[in-house]
Participant: 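Next up is a structure, given as structure tokens.
Reminder, nothing fancy here: chain letters follow the sequence lines and each chain counts from 1.
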Amino acid sequence: MFVRRVVVRSCNFRHFHDLRAYKEDPRWPGWQVIVGIETHAQIKSRRKLFSDSLTSHPDDPPNTKVSPFDAAFPGTLPKLNSKCVDLALRTAIALKCSVASRCSFDRKHYFYSDLPSGYQITQQYAPLASNGELEIKLQDIPSFKVRIKQIQLEQDTAKSTFHPRTSTSKIDLNRAGTGLMEIVSEPDLRSPEEAGAYVRTLQSVLRAMGSSDGNMELGSLRCDVNVSVNKKGNPPGTRCEIKNLNSVRFMMAAIIHEIRRQSEFLLANPGQSVPQETRGFDENTFETFRLRSKEDAPDYRYMPDPNLGVLVLSKARVEGIQRDLPALPWETRARLLEKYPKLTSKEKSLDVLLNVDNGREVGYDGEDSGGAIPVLTHELLGQLAARKESFSANPLTSEQFGELIDLVQNGTITGTSGKYILRHMLSNPSSRRPREIATELQLVALSSTPSPTSASSSSPTSELHALCKSAIADLPSEVAALRTGNKNVLNKIVGHVMRKSRGRADAVAVKALVEKIVTGE
Amino acid sequence: MRTNVARQLNQISTFHSHPSKLLEIRLGGQNSRPSGRTQSTWRDRRNCIIANNSSVNAFTHISQLPPPSIKGSLSGLSVAVKDNIATSFLPTTCSSAMLQDFASPFDATAVQLLQKSGADIVGKTNCDEFGMGSLNVHSIHGPVVNPFDVSERRSAGGSSGGSAAAVAAGMCDAALGTDTGGSVRLPASYCGVVGLKPSYGLISRWGVISYADSLDCVGILASDVDTVKRVFDSVALYDPRDPTSAPVDIRKVTSEHVDTKIHSRGSILTGLRFGIPQEYFPSEMSPEVLQHTRNVITLLQSQGAVVVPISLPSTSYALSCYYVLASAEASSNLARYDGVQYGTYVPPPPGTDITKTSRVYAVSRSAGFGPEVQKRILLGTYALSADAFDNYFLQAQKVRQLIKDDFDRVFGVPNYFSDSHSRRVDNADTSSQVDHKSDLSSYVQDVLTVPASLAGLPAISIPTNRTAGQAMGEGSSEDRWPIGVSIVGQWGTDSVVMAVASALEGLQRE
């Protein structure tokens, strides 16, 4: 610990070895942009990092997931949750970090209403893991590598909400003490797009490892971004840190504004460097603003936590976690593409599925006849979002979802019916097969041509025929107009049939059939 | 110095002329009335406390809990608990305005274990604010008066002064205290009772309000070693809620070692090697204290003990090291008292810049903490600041290791609790050191107690001159006041330290 501190200190001025070649960006020609990101990911464990309280959900009523320790009651002591350590280890291994055989915890002190004990327990001097690497390979951007400086465990703070009218803050301790992984990248990113790609890739790793939901909107993933600019060929500029960015879009906008602001400052003040600052981001103006300067930087008075001692991570424990590591997203992607080459044309949908944490389980037979995969995938995610349910909690099994896709693809049901059955299955969870449900709800598609499966007396063909006939009978004036050559009314008749069929009919087939019946009479 | 202490007490007592008024005494109350003999014992105990407390000021609150229904190893024993140990049935004030009205939602593990063993918990005892002090004068409940002779209004020692005075005045059979740098041993010595600071990590700190976590120990005070041991055996158990609690396997390996090497040999003193550290005789030590120490050494030798001079060369740095580390941890541990979740909240006066959280907190913290606590918070905050950390905190941590090494070098029993016990040299089994109550300033007297705290070792203070002037208020010579001697052992040898104290106790009675 002693040695480490000295090392940290002497590195305060940055030794810069650029691994990335300079590449001109037409948006800011002549400028080099250097970005590093600190990510705080909430650990997806049942209980908090140092107490028995259950981890809270954003919908929980305030102050319902709180133990005396979380509220910093006198006489309470921390107890490390080994589940959180295991999940952080998984992440560390996935990010190719070297795991420390011994690590320890430190207290970071500051007075703020969202910090009941007056300090945050973190890992300042001896973090859990360090020296990792993440390779970014996305379709729309050339692939590159980002070095991971370190991963440390720490406590989340409470949530305080300021009410300007009464000048009071309301404190919700539900989040206080939740486990966080702080993942610190080296300054290896060179554009807002690369920063976005890094965060998206990191999200997919966290989800694949099951170590975090990685949801920026819900606050389970938050980013602090360090940005500096320098003239091409010059040493790196002074960095500014932008705190608490809670969406990839905002993060990229903040970086863009910061590049413009810093390069304008350097042009206006030749020979000077950008003042080192901590900045916030205004989501309305899309601009960053000053929070505090270097001189106002708080002294956190780091102190080794006297209660928690040294965490010894045995080789066996680390190896056990490595052995049982879930598949990494790029491994799953490669496996699926190899097994189902036709998926190559549907990579967007594949990525959507991979981004939900256990998308790799969805079975798909590789038939390629229509857009059932993207439609149903997006419908499923949309429905889950509307219901505020997570993908992992969704009642649909991968077999059910796979069969549903097949039913739409082979025309047994229409896309509309597929969506309807999907909603029905989400509202009425059961182990029943989608085909069974489709039959029960009479949603098997009405075909316009006879098929072997529907040759009975009440066959869909005859049913569709009957529906068209009754529509013609119901709408005599429209039929008359159609006969005089007014093709526009045809859509009205088709709509009538579609309503009566409750989405089971295919509009093109109905149109043809109605036309045939009317003109054929 | 002695007169200084007396004067100090008088000065403070003018502000607290009726300390007993602070007691919340509501005997009987809504609780079910105890019956028969149990009831009379139960009532007598509380009446005795009420009768004595107006002059001694040892208790802050008296328990109304009905007599214990559980029968156990501590049945029939009345035990008081220091007011910085959490109880759900009585306030836990830490003698601070900050926690004046604080009631803990839970009981400390030590308190639960006392109750499980059938002890009657009679009340909470006065102490220095958050355990910071050596004289028990820094308390919102007023100072504790040494019951040896209340007319002289002398200090009972601190910070567990209330616990020591309660035992000395016969208001309870035993008491829990806490010892961070001597806070059990000092008042035990001042009041003429037995005080044990066990090995660090043997008694759970869950529910003990932290002053300095790496040093805090729950200690036990009683009028004889036997009672101390009875209480110790009931509360010194592994507790998963305390991350610094010594694991069961380490407890086992240490006690097995001690049992085969020491307890199996028959008479405890025969052949046992005692080291007398040459650094433990500062020039400020008075001749009468020195004489009593010599008497104890002679007594040990007469029973076949081997006494050898030893050197613990890092001792001279112990006091500075202790005050840097303890204050640093205190500044951290006491950061939570901001009046938001619990405790005293003082609204900021109009015109305060309330956009800064620290400005709002400063109002409550300035009003809630006494001067000694504020002093240590400031000292500790400085020691942890970026500019001072390397020179103060890190330096003190290194010195602490040197002090541990000093002890590990001289003890024959290995330190099973420490990370490295490879450099051990067989030399002496235990070392003895001397406490005393006079002639040193309130900080300097800690010189003799803090090394054992820094090294996490068991230390027991027992009275050396009980036969000389035991009766209260008799005689007029200075040396009738109690003097204590401390026995320190290797980590985990609490049973040896107590056995030696018990043997000495027996010899003095003869």
Participant: How are the rings of B:F102 and A:F73 set to each other: parallel, tilted or perpendicular (split at 30° and 60°)?
Facilitator: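 B:F102 and A:F73: tilted rings.
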Participant: By a 4.5 Å heavy-atom criterion (distance strictly below it), what part of A:P68 contacts chain B: side chain, backbone, both, or neither?
Facilitator: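 For A:P68, the contact with chain B is made by the side chain alone.
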Participant: Heavy-atom cut-off 4.5 Å, strictly under: side chain, backbone, both or neither for A:S169 against chain B?
Facilitator: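 For A:S169, no heavy atom lies under 4.5 Å from chain B.
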Participant: Among A:I171, A:L77, A:L115, A:D299, which has the most heavy-atom pairs under 4.5 Å with chain B?
Facilitator: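 Heavy-atom pair counts peak at A:L77.
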Participant: Atom CD1 of A:I151 and atom CD of A:E182: how far apart are they, to the nearest 0.5 Å?
Facilitator: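 One gets 10.5 Å once the value is rounded to the nearest 0.5 Å.
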Participant: Do B:N333 and A:R107 come within less than 4.5 Å of each other through their side chains, counting heavy atoms only?
Facilitator: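 They are in contact (side-chain heavy atoms under 4.5 Å apart), so the answer is yes.
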Participant: So if I apply the side-chain contact (heavy atoms from CB on, under 4.5 Å) rule between A:C240 and each of A:R290, A:Q276, A:E277, A:K294, which one comes out positive?
Facilitator: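 With A:C240 as partner, side-chain contact (heavy atoms from CB on, under 4.5 Å) holds for just one option, A:E277.
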Participant: Let me know if B:T92 has heavy atoms under 4.5 Å from chain A in its side chain, its backbone, both or neither.
Facilitator: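 Interface part for B:T92: neither.
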Participant: Between B:R365 and chain A, with a heavy-atom cut-off of 4.5 Å, which part of the residue counts as in contact: side chain, backbone, both or neither?
Facilitator: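 Interface part for B:R365: side chain.
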Participant: Can you name the closest pair of heavy atoms from B:A330 and B:M132 and give their distance?
Facilitator: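 Result for this residue pair: CB-CE, 3.6 Å.
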Participant: Given heavy-atom pairs under 4.5 angstrom as the criterion, report whether the side chain, backbone, both or neither of A:Y119 touches chain B.
Facilitator: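 For A:Y119, side-chain heavy atoms alone lie under 4.5 Å from chain B.
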Participant: At a 4.5 Å cut-off on heavy atoms, which part of A:N307 comes close to chain B: side chain, backbone, both, or neither?
Facilitator: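 Contact with chain B: backbone and side chain both.
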Participant: Begin with the C-alpha distance, continue with both residues' side-chain angles, and end with the deciding distance and a verdict on ring pair (Phe, Tyr, Trp, His ring centres under 6.0 Å) for B:F130 and B:Y211.
Facilitator: CA-CA 6 Å; B:F130 288 101; B:Y211 156 19; 9.0 Å; no
Participant: Hey, what do you get for OG (B:S364) to CZ (B:F369), rounding to the nearest 0.5 Å?
Facilitator: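 The OG atom of B:S364 sits 10.0 Å away from the CZ atom of B:F369.
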Participant: At a heavy-atom separation under 4.5 Å, does A:L173 approach chain B through its side chain, its backbone, both, or neither?
Facilitator: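 Side chain only.
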Participant: With a 4.5 angstrom heavy-atom cut-off, could you sort out which part of B:D242 is near chain A: side chain, backbone, both or neither?
Facilitator: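 Both backbone and side chain of B:D242 come within 4.5 Å of chain A.
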Participant: Is it true that A:D70 and A:K48 have a side-chain N and a carboxylate O under 4.0 angstrom from each other?
Facilitator: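 Yes.
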Participant: For chain A, which candidate among B:G207, B:A86, B:S332 shows the most heavy-atom pairs at distances under 4.5 Å?
Facilitator: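 Of B:G207, B:A86, B:S332, B:S332 has the most heavy-atom pairs under 4.5 Å with chain A.
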Participant: Need one label for B:I354: side chain, backbone, both or neither, based on atoms under 4.5 Å from any heavy atom in chain A.
Facilitator: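 Only the side chain of B:I354 comes within 4.5 Å of chain A.
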